[in-house]
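All heavy atoms count here, side chains included; hydrogens, waters and symmetry mates do not.
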Amino acid sequence: MPILYVITNVPNVPASFLSAASKAVSELTQKEESRVLVNVVDNAKLTFGGTDSPAAIVQFHSIGLCAEDHPRISESIAKLLLDIGVSNDRHYIQFNAPLATHVGKCGTTISELSKPKEEILHF
């Protein structure tokens, strides 16, 4: 369930950025790209350091994310942001490692979906 949220004041972020971000998140988390969600909000009213030069707020969520992974992920996201004109000193990245019991999907939780089927079936 890796999720990457990017809010930026850069106008008209191209679809190619979303594709590149989705692929990068899949590689960074070693999870199938079919499980990756990328949400980019462009043209946001955003200032950083008192100016409206290109900037971004980024959130990276993934079950099982370890603090040791943060520098590597931060480096990769920073490179992606450079592609849309956001320099390394004009963004923050917030990391979140939710528990599988705290993430919903398909009307249940990831924790429940991960259980063997015989544990889920209640006869």
Side-chain angles (χ1 to χ4, degrees):
M1 64 64 56
I3 302 172
L4 178 68
Y5 293 107
V6 178
I7 301 172
T8 181
N9 56 359
V10 174
N12 306 314
V13 172
S16 59
F17 175 83
L18 279 82
S19 297
S22 181
K23 182 177 170 121
V25 169
S26 174
E27 291 171 359
L28 289 165
T29 60
Q30 299 179 340
K31 295 181 181 175
E32 296 175 24
E33 191 172 0
S34 63
R35 298 170 62 191
V36 173
L37 187 146
V38 175
N39 181 357
V40 176
V41 177
D42 58 9
N43 205 31
K45 294 185 187 298
L46 180 70
T47 63
F48 188 106
T51 76
D52 63 356
S53 296
I57 304 165
V58 179
Q59 294 181 6
F60 190 94
H61 305 264
S62 186
I63 294 169
L65 185 65
C66 299
E68 294 80 22
D69 296 327
H70 296 176
R72 176 178 57 85
I73 294 169
S74 183
E75 179 181 15
S76 181
I77 291 172
K79 287 178 183 175
L80 284 169
L81 292 173
L82 283 172
D83 290 342
I84 60 168
V86 177
S87 65
N88 289 337
D89 62 339
R90 301 278 306 160
H91 68 269
Y92 284 122
I93 303 170
Q94 180 184 32
F95 297 96
N96 185 17
L99 299 173
T101 54
H102 294 181
V103 180
K105 183 176 182 190
C106 299
T108 186
T109 65
I110 298 291
S111 177
E112 289 296 313
L113 290 171
S114 299
K115 289 182 179 179
K117 290 189 184 225
E118 55 272 4
E119 284 186 41
I120 297 173
L121 298 175
H122 303 285
F123 292 100

Do you reckon Ile63 sits in the same ILVMFWY cluster as Leu37, going by side-chain contacts under 4.5 Å, direct or chained?
yes
Counting N and O atoms only, with roles assigned by atom type, does the side chain of Thr109 sit under 3.5 Å from a partner on the main chain of Gly104, one being a donor and the other an acceptor?
no
Output all residues satisfying salt bridge (charged side-chain N to carboxylate O under 4.0 Å, His left out) with Asp52, sequence neighbours left out; order by chain, then residue number.
none
I'd like to know whether Asp42 forms a side-chain contact (heavy atoms from CB on, under 4.5 Å) with Val10, so could you lay out the CA-CA distance, the side-chain angles of the two residues, the decisive distance to 0.1 Å, and finally the verdict.
CA-CA 6 Å; Asp42 58 9; Val10 174; 5.6 Å; no
Distance, nearest 0.5 Å, that separates CG of Leu99 from CD1 of Ile110
12.5 Å
State, with a plain yes or no, whether a side-chain heavy atom of Val6 is found less than 4.5 Å away from one of Val86.
no
With rounding to the nearest 0.5 Å, note down the distance linking CD1 in Ile93 to NE2 in His70.
10.0 Å
Minimal heavy-atom distance between Thr29 and Pro2, with the atoms involved, is OG1-CG, 3.6 Å
Hey, could you give me the CD/OG distance between Glu27 and Ser22, rounded to the nearest 0.5 Å?
10.0 Å
Taking all heavy atoms of Asn9 and all of Ala55, pick out the closest pair and write down the distance.
OD1-N, 2.8 Å
For Ser62 and Lys31, which heavy atoms make the closest approach, and how far apart are they?
OG-NZ, 3.2 Å
Taking the side chain from Asn43 and the backbone from Asn12, do they hold a donor-acceptor pair closer than 3.5 Å?
no
Close side-chain approach of His91 and Thr8, heavy atoms under 4.5 Å:
no
NZ (Lys23) and CG (Leu28) are apart, to the nearest 0.5 Å, by 12.0 Å
Considering residues at least two apart in sequence or located in another chain, which fulfil the salt bridge (charged side-chain N to carboxylate O under 4.0 Å, His left out) criterion with Lys105?
none
Would you sort out whether Ser74 and Phe60 count as a side-chain contact (heavy atoms from CB on, under 4.5 Å), showing the intermediate values?
CA-CA 9 Å; Ser74 183; Phe60 190 94; over 6 Å; no
Among Leu4, Val25, Leu82, find the one that has a side chain to side chain contact (heavy atoms under 4.5 Å, CB included) with Ile77.
Leu4
Sub-4.5 Å side-chain heavy-atom contact between Ile3 and Asn39
no
Given side chains that start at C-beta, do those of Ile73 and Leu65 come closer than 4.5 Å, heavy atoms only?
yes
So ring-ring contact (aromatic ring centres under 6.0 Å, His included) across residues 3-24, not counting sequence neighbours, yields Tyr5-His61
Where Pro54 and Gly85 come nearest, the two heavy atoms and their spacing:
CB-O, 3.3 Å
Would you mind reporting whether Met1 and Pro98 have side-chain heavy atoms less than 4.5 Å apart?
yes
Is it true that Lys115 and Glu112 make a salt bridge, defined as a side-chain N closer than 4.0 Å to a carboxylate O?
yes
When rounded to the nearest 0.5 angstrom, what is the spacing between CD1 in Ile57 and CG in Leu46?
5.0 Å
